[in-house]
Amino acid sequence: MDSRMVFVLLWMLLLSTSTGIKLDGNGYVDVVIAISSKVPQDNRLIDKIKEMVTEGSLYLYHALDEKVYFKEATILVPPQWNGTNFTKARTEIDNANPSYGFEPYTNQYGECGAEGEYIHFTPEYLLNDTLTELYGSRGKIFVHEWAHLRWGVFDECNGEKPFYHSNGGIEATRCSKNIKVEFYEVTAGGSLQQCSIDPQTSLPTKGCMFFLDRNQITNSSIMFLPSLNAVTTFCHENEHNYEAPNMQNKKCEKATWTVIFEDSVDKDALRSLKPLQSPPPPPSFKVVQRKQRVVCLILDVSGSMAGSRILQQQQAATHFLRNIIENQARVGIVQFSTEASTLSRLTTISSDTTRENLIKLLPKVAGGWTNMCLGLSQGLQILQEDNGDALGDEIIFLTDGQATDNIAVCVPSAIQSGAIIHTLAFSNSAARELTEMANKTGGQFLSPNDKTTSNQLMDAFASLTLSTGDYIKEPVQLESVGARTSDWFNGTVSVDQTVGNKTSFVIIYETSFPSVYIQSPSGSVYTQTNMSHDVSQKTVTLKIPGTAEHGDWKYSIQAKILQALTLTVTSQATQADVPPIIVKTHMNQQFSDGTKPMIVFAEVSQSYRPVINAEVWATLESETGSIHILQLLDNGAGADAFQNDGIYSRYFTKMVNGRSSLKVRVKNQDGQTKFAALYVPGCVLNVQLSPPKPPIFEEPLDVGNFTRTDTGESFMVKLSGQAPSNFPPNRITDLSAEIQEDTVLLNWTAPGEDLDQGTAKSYEIRWSFDLKMLRFNFSNGHEVNTTAVSPQKAGSVEQHSFNLNITIQNGTTLFFAVQSEDKQKAKSETSNIAQASKILPVNANNKISSQLKKQLFYFYFYLFIYLFIYLFS
């Protein structure tokens, strides 16, 4: 499911809905802005959102050669807001990130040109007009963040490195250099004084700021300073500042305009669209309201489901009804084979009794044909019972085979119904239209296999949650594991301090009832006498009363004969003010032909606090049984965009034809995990480039050991050849350089033989006095002797010193870049360009002021003219 969002720390999420944000002619549609359920009702927010998008639409129109604008937007309001104009809708809402305060930001996972996850605004930012003095107009800031979200560009400012050396002088980090700046320090009394110079770096000290003339004539760049009045467009190649140490150069090494028109999701449309003949009309808005969740299970009971499949379906649907679906949701059940029939009309989940009554109605017998259209039609009729339509309702559609009827005939009407359709393909032969239905309605496509030890169908149903922003009431899967054994099946599940309510252990056995022992952290042992045993479903369940003890729970399950056993553990938050640690995983693409690498992402967080230093493993299993296990990393190298942001990533290159599933396991068993407050400063005008940065902190994760599992959407691979491409080493993005006397120190993270896996064969390092020459003609740079350098395993820290056999003069700036090569002689892209300057230490009392320099220049200039006239007149 594509879910691009704008998030109002109200929280306000701007997201793509079911079909994703798209261009309809010249106008963007399916733009959804969602207000979190935790935001108190204030109808002014709706008006402010409309004003922001309307202003932003005109700004966007001018920024991209009058080609595009915002055509339609939907505003989602929380279910508890009162109003008669709100219609029903569904979306996913998350909590906010307190680290940013009022500052808008965009959450970006991926590489240059890749779409972001969501934009985040706060209600204070929207309602407090004085904040526009600091951040600029809301419409302009909206377009700045939209460029992050939609086109995958990055900021051209850098609050961490606002200054850098260039040609023996000091420059402010900006794009373009046409923007005029002056450097000052602001005293405690608010007056300006000359900047001090740090004797170690020979750059202005931390208190130095650069000031801009708000009314100067320059039209770029939006990604540097949208709040400057004259700025109306993005930085073009002919004015791009390649030297600036900003994120745009580190990630993209090209101008933002170039990324938008050559690398973004809209590149083809933007190049082909013709400018509008006149300014666009204002956007149209629809205000909709989330209501309680309405779900219909449409379950296949055709002949191919007989045997273990119908039992697995019953077990997984039971787990969904008993432990996953939330209270007050409405659930219906439909079965289909040769005919379709209703097993339960919409029923409100009001108690455990209601849940158990629905479980009793689940189908147990399979036989007949696979008439999918009959099942879909019956399910849609059930959904229409509550209010006459299926808009925003959900379907969970499970099938294991090809349709006996022509499913292509009924898919369009199902998509047009407005329902969100999750599809579960429970075999290799399941109809391909299942993917289309999920993708086009905002549902999830999952392809669990039917191996009894995989537990994949249980995981698939457990993943079908719908967040309202209130994680306290949502189930968290702590463990999902399976084995085939005739002996003991043992392990440990950690119940940390963020969970403990409604904790359940579900054991499924294949043949014979095993002996089960579960021990609490304090030593209490639960046996079969404390558990419920469903003989027909071959399931043993332990529900921990009240709040489960925090700590390590040990399970020991003894199989007296060879059989498959699985264990699933779920829990919920213990305290209303302590959100649980959660993991969310997905692939960067749902389809691949093997020509481009895929990326696995897993975000581990508590609300919006990144959880770092966790151990994260992804298991990718193809429908043919091929299994590939990857350790995901949060090191800011290879596939990982930012270090220590709680988003763990890795390239996936071992692709095989067909569908594949994704499952992620996270654990903290050795006390290394920490919370981190990630803060990436934005571009702000007024007296300084960025607002005062909140302190970045890391603190021990005092919740104890924890484990989490999550299932991502399945993905499809159809290789253009017999095997996936030979991928070169990944591009190095964290190269840094330092000059010490005449020695250069270089640091970077080692790439792999195939992207970020394995070990590269060799490095080629070059340097130049000219950055652009290295960027565009790497082979023309001066080569560094690397015969003594042997690449280390991917992810290792490379630290090397070199003598360039030249005398490096004071004030000299050098540029460095690296390419890696694998055993097949495939070369990586050129790394980010690292720069280093040799600047001899200066007296700490030295000051810098561009205004003072000007005054001294004119003083000596006029003195010279006066003396000249005096001497020769």
Side-chain angles (χ1 to χ4, degrees), residues 63-64 105-117 143-161 164 173-177 220-226 233-268 270-271 588 596-597 599 636-643 645 647 649 651 680-683 728-736 748-749 751 755-756 771-778 815-819 828-835:
L64 285 189
Y105 71 92
T106 301
N107 190 11
Q108 292 178 272
Y109 276 15
E111 302 171 306
C112 180
E115 291 179 271
E117 296 301 306
V143 173
H144 172 94
E145 299 301 337
W146 176 266
H148 287 306
L149 178 77
R150 184 65 179 174
W151 303 315
V153 298
F154 296 86
D155 283 338
E156 293 165 338
C157 58
N158 188 341
E160 296 291 332
K161 295 182 179 179
Y164 65 97
T173 301
R174 66 197 191 281
C175 192
S176 71
K177 278 189 176 180
S220 66
S221 167
I222 290 171
M223 300 315 294
F224 169 62
L225 215 55
T233 188
F234 298 93
C235 211
H236 289 61
E237 274 307 320
N238 62 353
E239 59 185 351
H240 181 64
N241 182 5
Y242 282 94
E243 292 186 3
N246 55 37
M247 194 58 68
Q248 176 66 19
N249 279 334
K250 179 179 178 180
K251 292 293 183 183
C252 303
E253 288 283 357
K254 60 181 74 172
T256 52
W257 183 274
T258 305
V259 174
I260 293 168
F261 279 82
E262 293 184 3
D263 303 318
S264 76
V265 66
D266 294 327
K267 59 184 179 183
D268 296 330
L270 291 173
R271 288 198 295 260
N588 70 323
K596 293 182 179 180
I599 303 176
D640 194 60
F642 302 99
Q643 184 177 19
D645 63 351
I647 299 167
S649 318
Y651 285 111
V680 181
C683 302
N730 65 267
R731 175 177 179 259
I732 295 168
T733 58
D734 60 351
L735 178 66
S736 64
W748 68 91
T749 301
L755 297 170
D756 58 3
L771 182 148
K772 286 190 177 181
M773 191 273 286
L774 266 189
R775 169 73 175 85
F776 295 104
N777 297 285
F778 175 78
F815 300 94
F816 299 86
V818 182
Q819 285 186 353
S828 70
E829 296 180 47
T830 304
S831 70
N832 65 298
I833 309 296
Q835 67 179 65

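Scope of the values below: all heavy atoms of this structure, side chains included, with no hydrogens, waters or symmetry mates.
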**Item:** Residues that D756 engages under salt bridge (charged side-chain N to carboxylate O under 4.0 Å, His left out), provided they are two or more places apart
**Value:** R650
**Request:** Kindly compute the distance separating CD (E253) from CG (L774), expressed to the nearest 0.5 Å.
**Result:** 9.5 Å
**Asked** For C252 and V153, what are the C-alpha separation, side-chain angles and deciding distance, and is it a side-chain contact (heavy atoms from CB on, under 4.5 Å)?
**Response** CA-CA 8 Å; C252 303; V153 298; 5.7 Å; no
**Item:** All ring pair (Phe, Tyr, Trp, His ring centres under 6.0 Å) counterparts of Y164, not counting sequence neighbours
**Value:** none
**Item:** Pairwise side-chain contact, N241 with F224, heavy-atom cut-off 4.5 Å (strictly under)
**Value:** no
**Request:** For Y109, enumerate each residue passing the ring pair (Phe, Tyr, Trp, His ring centres under 6.0 Å) test, keeping only those at least two apart in sequence or located in another chain.
**Result:** H586, F601
**Item:** Any residue meeting side chain to side chain contact (heavy atoms under 4.5 Å, CB included) with Q819, in chain and number order, not counting sequence neighbours
**Value:** E764, F778, K827, S828, T830
**Item:** Point-to-point distance, once rounded to the nearest 0.5 Å, from CD1 of I833 to CG of N249
**Value:** 9.5 Å
**Donor-acceptor contact present, side-chain T173 to main-chain K161, <3.5 Å** = yes
**Item:** Atom pair NZ/OH of K772 and Y242 - distance to nearest 0.5 Å
**Value:** 6.5 Å
**Request:** Indicate the atoms forming the closest heavy-atom contact of P245 with N158, along with that distance.
**Result:** O-ND2, 2.5 Å
**Asked** If you round to the nearest 0.5 Å, how far is CG of L64 from OG1 of T233?
**Response** 6.5 Å
**Asked** What are the two closest heavy atoms between P597 and N588, and how far apart are they?
**Response** O-ND2, 4.2 Å
**Request:** Please name all residues satisfying side-chain hydrogen bond (donor to acceptor under 3.5 Å, both in side chains) with N730, sequence neighbours left out, ordered by chain then number.
**Result:** none
**Asked** Can you find a pair of side-chain heavy atoms, one from L225 and one from R174, that are under 4.5 Å apart?
**Response** no
**Message:** A side-chain contact here means heavy atoms from C-beta on lying under 4.5 Å apart; do R150 and S264 qualify?
**Reply:** no
**Asked** Taking the side chain as C-beta and beyond, is there a heavy-atom pair between H148 and D155 under 4.5 Å?
**Response** yes
**Gap separating the CG atom of N832 from the CD1 atom of I732, nearest 0.5 angstrom** = 8.0 Å
**Asked** Who are the side chain to side chain contact (heavy atoms under 4.5 Å, CB included) partners of E239, not counting sequence neighbours?
**Response** S176, N178, S220, C235, H236
**Asked** How close do Q835 and E243 get, heavy atom to heavy atom, and via which atoms?
**Response** OE1-O, 3.0 Å
**I260 side chain near K267 side chain, heavy-atom distance below 4.5 Å** = no
**Message:** Please give me the minimum heavy-atom distance between G638 and Y651, naming the atom from each residue.
**Reply:** C-CE1, 3.7 Å
**Prompt:** Can you tell if the side chain of E111 reaches within under 4.5 Å of the side chain of K251, non-hydrogen atoms only?
**Reply:** no
**Prompt:** Does D263 pair with K254 as a salt bridge, N-O distance under 4.0 Å?
**Reply:** yes
**Prompt:** If you take all heavy atoms of C112 and F154, which pair is closest and at what distance?
**Reply:** CA-CE1, 4.0 Å
**Item:** From NE2 (H240) to NZ (K177), nearest 0.5 Å
**Value:** 11.0 Å
**Request:** Taking all non-hydrogen atoms of both residues into account, name the closest pair between R271 and E262 and its distance.
**Result:** NH1-CA, 3.7 Å
**Request:** Side-chain contact test, heavy atoms from C-beta onward, threshold under 4.5 Å: evaluate it for W151 versus F261 and give yes or no.
**Result:** no
**Item:** Heavy-atom side-chain contact between W748 and S831 under 4.5 Å
**Value:** no
